[in-house]
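Chain letters run A, B, ... following the sequence lines, proteins first and then strands; every chain starts at 1.
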Amino acid sequence: MPDIMSETSTRRYWLMKSEPDVFSFSDLLKAPKKTTHWEGVRNYQARNFMRDLFQAGDGVLFYHSNAEPPGVAGVAEVVRAGYPDPDAFNPKSPYYDEAAHAKKVNPWIMVDVKAVKAFKTFVTREMLSAEPKLKEMMVLKKGSRLSVQPVTEAEFLAVTKLGS
DNA sequence: GCCAACGTTGGC
DNA sequence: GCCAACGTTGGC
């Protein structure tokens with residue numbers, strides 16, 4: 001009998017930020033298999049989430065940052081757990097990590113993410129802020145710059161509801 | 001374009 | 001190990 005309460009089988013929820021000018025949710029919908037490598041995360045806390053906790057099947061809120069307006073465009077899903085990000089060793093990549101390359105130790109991790117569905121209504125930051133259930137949501141806290149954030153199931157459901 | 005908040009770097 | 005300086009993020 002599978003232990004559905006075990007840590008490894010619990011579905012988790014995440015919010016992942018992307019600047020739509022660089023890569024938007026519609027870009028993800030248009031991508032082959034609606035899937036992309038989420039490369040270029042260069043923050044240790046975000047890296048640790050992807051390396052230690054991301055699992056295929058986890059839910060993702062696709063957040064447009066540095067956008068007008070900012071907000072959640074749709075839902076995606078983790079289809080591959082953390083594995084090394086080759087861009088770290090690629091001098092041509094904007095995400096090249098020269099110091100890591102010199103040491104020949106790649107500390108950076110990426111995951112694969114697949115679009116599930118675009119929201120009927122784009123959930124603006126203003127809408128998120130107006131929802132009492134999202135009072136504690138990390139992305140709404142002032143100065144919250146982390147590009148990969150954990151989201152509770154209740155928050156995930158509340159955001160999904162706002163979008164549908 | 002401004003600037004507050006944050007993470008990282010490096011001098012000491 | 002402290003912390004000032006710096007670069008970046010991202011809402012506004």
Whole angstrom is fine here: how far is it from CG in A:Asn43 over to P in C:dG7? 19 Å

A:Lys142: partners by salt bridge (charged side-chain N to carboxylate O under 4.0 Å, His left out), with sequence neighbours left out: none

Find the distance A:Glu19:CD to C:dG11:P and express it as a whole number of Å. 9 Å

Residue mapping more 5' on DNA chain B - nearest nucleotide basis, A:Asn66 or A:Gln45: A:Asn66

Length of the line joining A:Glu68:CD and C:dC12:C1', which is rounded to integer Å: 9 Å

Can any side-chain N or O of A:Lys117 pair as donor or acceptor with the backbone N or O of A:Gly74 at less than 3.5 Å? no

Round to a whole Å and report the spacing from CG of A:Asp97 to C1' of C:dG7. 15 Å

Side-chain heavy atoms nearer than 4.5 Å, only ILVMFWY residues, links allowed to pass through others: does that put A:Val148 and A:Leu15 together? no

Rounded to whole Å, the OH-C1' distance (A:Tyr44 to C:dT8) equals 16 Å

Whole-Å distance separating the NZ atom of A:Lys17 from the P atom of B:dG7: 11 Å

Five pairs per end, C1' atoms only: what is the angle between the end axes of the helix from B:dG1-C:dC12 to B:dC12-C:dG1, to 10 degrees? 10°

Side-chain N or O of A:Tyr63 closer than 4.0 Å to phosphate OP1/OP2 of C:dG11: yes

With the side chain counted from C-beta on, respond yes when A:Val151 and A:Met138 share a heavy-atom pair under 4.5 Å apart, and no when they do not. no

Do NZ/NE/NH1/NH2 and the carboxylate oxygens of A:Asp85 and A:Arg42 come within less than 4.0 Å? yes

Name the atoms and distances for all side-chain donor-acceptor pairs under 3.5 Å in residues 28-39 of chain A, with sequence neighbours left out.
unit_1: A:Thr35; atom_1: OG1; unit_2: A:Lys33; atom_2: O; d: 2.6
unit_1: A:His37; atom_1: ND1; unit_2: A:Tyr83; atom_2: OH; d: 3.0
unit_1: A:His37; atom_1: ND1; unit_2: A:Asp112; atom_2: OD1; d: 2.9

side-chain contact (heavy atoms from CB on, under 4.5 Å) partners of A:Ala73, counting only residues at least two apart: A:Phe25, A:His64, A:Phe122

What are the residues of residues 122-146 of chain A, sorted by number, that bring a heavy atom to within less than 4.0 Å of DNA chain C? A:Arg125, A:Arg145

Do side-chain atoms of A:Asp58 reach the backbone of A:Arg12 as a donor and acceptor pair under 3.5 angstrom? yes

For A:Lys141, side-chain contact (heavy atoms from CB on, under 4.5 Å) partners two or more places apart: A:Glu136, A:Ser144

